[in-house]
Amino acid sequence: MPNPKFPIVVLISGSGSNLQALIDAVTCGDLNVEIRAVISNRPHAKGLQRARDAGIPAEVLDHTTFESREAFDQALQTLIDGFEPRLVVLAGFMRLLSDTFVAHYLGRMLNIHPSLLPAYTGLNTHRRVLDAGDQQHGASVHFVTAELDGGPLILQARVDVQPDDTPDSLAERVLEQEHKIYPLAVQWFAEGRLQLLDHHAWFDGKVLTQPLQYEALSVSDHTVSHDKA
Ligand code: GRF
């Protein structure tokens, strides 16, 4: 009997390059999930077209048409749950989420953030890294909890800051890393290797006291197992 693919829903607000990385990983067989839907809170998000081009249902739920955050989050939850995902993937979804929403998806919602968390939560991370004179920067995948960009860390990738870097050049190199680590972390979750237990991320049955570092993974772990049964 063929295994049904692991169902996920991806939430976006903008360009959707991380969404594209997930789509590409599915296409090439590195990511064994079914992207049931892409949902954007912004009607003109470029990522919506990426979804349509890939034949994935692309939905808009415009937050500006709702009276309150709670009303939007309730409608979003209803929309997401209609697709029956086992994981919700935030990929540049630029909305603060209410505690009720986060609690509903606790342990089954991931986010990617453009910094080496816990450093630089929030916005403008590339500019802030340059202003601080840091020598390293990067991206982090984490479970979503009520604390903004503060949930248990799973996987990070690093880039060296160059003397002539601008926020844009840094963002570009960080995004390249994001496009490697996000499909990998989603695949791990789909394979059951990744869990949130007792407020900690667990990987292969061991609690992660530090996030996994992409550069330190063995090369065979950089691509995922191809279980296409
Ligand atoms: C990424 O840098 C991601 O880490 C952050 O928002 C950006 C989204 O980029 N949360 P994209 O829409 O995936 O291109």
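The shown structure was predicted, so the numbers you read here are calculated from the model rather than taken from an experiment. One-based numbering along the sequence shown.
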Do [X] and [Y] make a side-chain contact, defined as non-hydrogen atoms from C-beta onward lying under 4.5 Å apart?
| X | Y | value |
| --- | --- | --- |
| I80 | P85 | yes |
| L79 | E59 | yes |
| L90 | L110 | no |
| L22 | V10 | yes |
| D165 | R173 | yes |
| T145 | E147 | yes |
| P152 | H200 | no |
| D81 | Y105 | yes |

OG1/T121 to CZ/R128 distance, rounded to the nearest 0.5 angstrom?
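Rounded to the nearest 0.5 Å, the OG1-CZ separation comes out at 6.0 Å.
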Output the distance between atom CG (L130) and atom CD (Q162), rounded to the nearest 0.5 Å.
11.0 Å
Parallel, tilted or perpendicular: which describes the rings of F93 and F72, with under 30° parallel and over 60° perpendicular?
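Parallel.
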Under 3.5 Å, is there a donor-acceptor pair linking the side chains of [X] and [Y]?
| X | Y | result |
| --- | --- | --- |
| N111 | Y182 | no |
| D134 | Y120 | yes |
| T166 | D168 | no |
| H126 | H137 | yes |
| H179 | S17 | yes |
| Q135 | D160 | no |
| E70 | S98 | no |

Go through it in stages, so that I can follow the logic: the residues are Q187 and E191, the test is side-chain hydrogen bond (donor to acceptor under 3.5 Å, both in side chains), and I'd like the CA-CA distance, side-chain angles, deciding distance and then a yes or no.
CA-CA 6 Å; Q187 176 65 14; E191 289 175 342; 2.9 Å; yes
Per the side-chain contact (heavy atoms from CB on, under 4.5 Å) rule, which among L87, N32, V186 passes with F6?
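By the side-chain contact (heavy atoms from CB on, under 4.5 Å) criterion, F6 pairs with just one of L87, N32, V186: L87.
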Q49 atom CD, over 12 foreign heavy atoms within 6.0 Å:
yes
Atom CG of residue position D198 - does it have more than 12 heavy atoms of other residues, nucleotides or ligands inside 6.0 Å?
no
Where is the tightest heavy-atom contact between [X] and [Y], given as atom of each residue plus distance?
| X | Y | answer |
| --- | --- | --- |
| G14 | A45 | O-CB, 3.6 Å |
| S40 | S13 | OG-CA, 4.1 Å |
| V174 | A139 | CG1-CB, 4.0 Å |
| A201 | I154 | CB-CG1, 4.2 Å |
| L153 | P211 | CB-CB, 3.7 Å |
| F189 | L194 | CD1-O, 3.6 Å |

Does a side-chain N-to-carboxylate-O contact under 4.0 Å join D73 and R69?
no
Would you say [X]'s side chain and [Y]'s backbone share a donor-acceptor pair under 3.5 angstrom?
| X | Y | result |
| --- | --- | --- |
| R127 | L123 | no |
| S140 | S115 | yes |
| D62 | R42 | no |
| E178 | N18 | no |

Distance under 6.0 Å and angle within 45° of the ring axis: does R158 meet both against Y214?
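Judged by the rule (NZ or CZ under 6.0 Å from the ring centre, within 45° of its axis), R158 is not positioned above Y214.
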